[in-house]
Number of protein chains: 2
Amino acid sequence: MFSLSEENYLKSIYHLEAIHGKGISTNSIAKKLETKASSVTDMIKKLAEKEVLVYKKYQGVSLTKLGRKEATKIVRKHRLWEVFLVEKLNFSWDEVHDVAEQLEHIKSPKLIDELDVFLGFPKMDPHGDPIPDKDGKFQKIEKKLLSTLEENKIGICVGVNDSSSDFLKYLDKNNISLGQKIKVLSKESFDGSSTILINSKEITISKKISNNIYIQS
Amino acid sequence: MFSLSEENYLKSIYHLEAIHGKGISTNSIAKKLETKASSVTDMIKKLAEKEVLVYKKYQGVSLTKLGRKEATKIVRKHRLWEVFLVEKLNFSWDEVHDVAEQLEHIKSPKLIDELDVFLGFPKMDPHGDPIPDKDGKFQKIEKKLLSTLEENKIGICVGVNDSSSDFLKYLDKNNISLGQKIKVLSKESFDGSSTILINSKEITISKKISNNIYIQS
DNA sequence: AAATAATTTTAGTCTTGTCTAAAAAATTAT
DNA sequence: ATAATTTTTTAGACAAGACTAAAATTATTT
Ligand SMILES: [Mn+2]
Ligand SMILES: [Mn+2]
Ligand SMILES: [Mn+2]
Ligand SMILES: [Mn+2]
C-alpha cells in the first residue's frame, strides 16, 4: 500500500517518463511536485526500497514494471473521477482537476471498477486523455501540437497539454473545445503566434497557447 | 481548514455528544478512535485552540457551535457518499462505511452539493440515518431500540446502531432490512434474548442484536 | 585542464500525529 | 478519612514528510 505522498510521486514520475523517457532527474520531479530536490531524494530512496523505481545516485530514476502499474492505476482513477464530475455533477472541464487530485487517492477495490461501469467504460477524460482500463491498457491516440500544424492546414482539437483552470477558461472564452475544427490561417515566425479560424471566427493565439492544444489532422 | 485527523476527532466527539450529552471524556474519544488517551489530550488542546470545542483539564470536552457545524458537514458528506455507493454503484449497505470514511474528507465546495442534487436530495442514508441539508439542518426521526419493545408489540425497522459490515451481514442473512415489520413474540429475561417474527419467520436474537436495531412503533 | 556553475545528496531541523511510561488528579472502595 | 483504583495529563520519543544550509558530484565554460 502506498501513502498519498508516495502516490503523487509515482504519478509525477510516470507523467515525466511519458515525455522525457527513462532517467527522470530529481530536479524535474521537484518542480512538478512543487517541492524541494532534497525532499525528492528522500522519497525516491523510499520508493526504490519498495521496488517501484530504480535509483542510482546522481543518475535520476526510472519506474519499474510494478511502479508503472501502480501509477497507471492512479491515472485511471483520476480520469474516471474527472468524467464523473463533468458527466454527472455539472462540473466544467476547468473545475475537475483539483477535486480529482483528491479523489484519485481513495482506496477501494470495488469503487473504481463500479464507477467505470456506471460511466459506461469511457475511453477519454474531459481533456481528451485516455483512460486505462481495469488491466491498465489504453490506446495511445494519434495527436500532435497545434503549433506543429502548417499554414492553411486543418486539424481537430483532441486534447490539451495543460489542464489548469486558467488555460481551460481561456479556451472556453475563445470557444475552443474538444472536437472543434481548427484551421491555421497564418503563422508569425517572429514570436510563433498564429492566427487560426475556429467556429468561423478568426483569432490570434500565442505560441504558448498553440503549444498546449493537441490536434488530429 | 481541518486536517483529516482533526475531522475524525470532530466527528467522533459529535457522535458521542449525541448519545451522552456535553462533556465527553478523553477515554471515550480514545476508544471510539482506537487511539490512546494521551493522543486525544494532545489533539483536543489543538482543537480548543481552533475554537471548535471547549476543554477544561480533567473535565472532558464539548463542541462549540462552530465545532458542531464542522462535524455536521462531515456527517453530511459521509452519508451522501453512502447513498451514492448504494444507489449508483451497486454497493450493499455493509460495504459502504469504510469507503465513505475516506470520501467524507474530500474538500470541494461544489462537489457535495452537486452530489446532493444528483441523488435527489435524499433524507436518509442506507442505514436509516438522517442526512443534514446544505445548512446542516435535518429532522430527528422518532425511533427506539428493538430491545425496548414489549412482547406482542409490532415495530418497523428504521435504522441500525452499528454500521459494521459484520452486523449488517448478519441482518442480511436473517432478512432484516429497513422498512421491515418486526413483532416481538417473547423475551427471555435471563439473557435478554428475544424471539421475533420477521418476514413470517420466527427467529431468536440476542440482546446485543436487539440493542442495535432501531424501530418505529 | 581548470574554473565555474548547476545539480544532487547529506546533515540537521521542524511539524503533525502518534506512542509509552510516569506523574497528577479524580473517583471509588474500605 | 485514607487507601486503592481509574482517568487524565505530561514528558519524552518516534515516523513521515517536508525544509534549509552545506557538502559532494556532475556538467559547462573558459
Ligand atoms: Mn486532471
Ligand atoms: Mn484530465
Ligand atoms: Mn457510515
Ligand atoms: Mn450510514
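Numbered from 1 within each chain, the chains take letters A, B, ... in sequence-line order. The figures that follow rest on heavy atoms only: side chains count, while hydrogens, waters and symmetry mates do not.
Rounding to whole angstrom units, CE of residue M43(A) and C1' of dT10(C) are separated by 18 Å. For the pair K50(A) NZ and dA16(D) P, the computed distance is 9 Å after rounding to whole Å. Computed from coordinates, the E6(B) CD to dT16(C) C1' distance equals 9 Å when rounded to whole Å. Per the geometry, NZ belonging to K36(B) stands 17 Å off P belonging to dC14(D), to the nearest Å. With rounding to whole Å, E49(A) atom CD is found 15 Å from dA15(D) atom P.
Taking the nucleotide of DNA chain D with the nearest heavy atom to each of D42(A) and G60(B), the more 5' of the two is matched to G60(B). Mapping I44(B) and T35(A) onto DNA chain D by nearest heavy atom places I44(B) closer to the 5' end of the strand.
A side-chain donor from one of S217(A) and K144(A) sits under 3.5 Å from a side-chain acceptor of the other. Side-chain contact check for D94(A) and S92(A): at least one donor-acceptor pair (N or O, by modelled atom type) lies under 3.5 Å. Side-chain contact, T195(B) with T204(B): a donor N or O sits under 3.5 Å from an acceptor N or O. In summary, the side chains of T41(A) and S38(A) do not present any donor paired with an acceptor at a separation below 3.5 Å, with no hydrogens or angles considered.
Applying the ring-ring contact (aromatic ring centres under 6.0 Å, His included) criterion to H97(B), with sequence neighbours excluded, gives H78(B). Judged as a salt bridge (Lys or Arg N to Asp or Glu O under 4.0 Å), and not counting sequence neighbours, the contacts of K110(B) are E95(A).
For DNA chain C, the stems formed by at least three consecutive Watson-Crick or G-U pairs, with both atom-pair distances below 3.5 Å, span C:1-30 with D:1-30.
The shortest heavy-atom contact between L85(B) and V96(B) is CB-CG1, 3.6 Å. Between N211(A) and L145(A) the shortest heavy-atom distance is O-CD2, 3.2 Å.
Distances shorter than 4.0 Å separate some side-chain N or O of K45(B) from OP1 or OP2 on dT10(D).
Taking the centre of each ring, F84(B) and F84(A) come in below the 6.0 Å mark.
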Check: residues 130-140 of chain B side-chain donor-acceptor pairs under 3.5 Å, at least two apart:
| residue | atom | partner | partner atom | Å |
| --- | --- | --- | --- | --- |
| D133(B) | OD1 | D135(B) | N | 2.8 |
| D133(B) | OD1 | G136(B) | N | 3.1 |
| D133(B) | OD1 | K137(B) | N | 2.9 |

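Taking the ring centre of F118(A) as origin, the terminal cationic atom of K88(B) falls outside the region bounded by 6.0 Å and 45° from the ring axis.
Residue T41(A) is classed as a base contact, given a heavy-atom separation below 4.0 Å to a base.
Scanning residues 9-34 of chain A for heavy-atom distances under 4.0 Å to DNA chain D yields Y9(A).
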Quick one: which protein N/O atoms are closer than 3.5 Å to N/O atoms of nucleotides 21-28 of chain C? Pair and distance per line, please.
| residue | atom | partner | partner atom | Å |
| --- | --- | --- | --- | --- |
| dA25(C) | O4' | Y58(B) | OH | 3.3 |

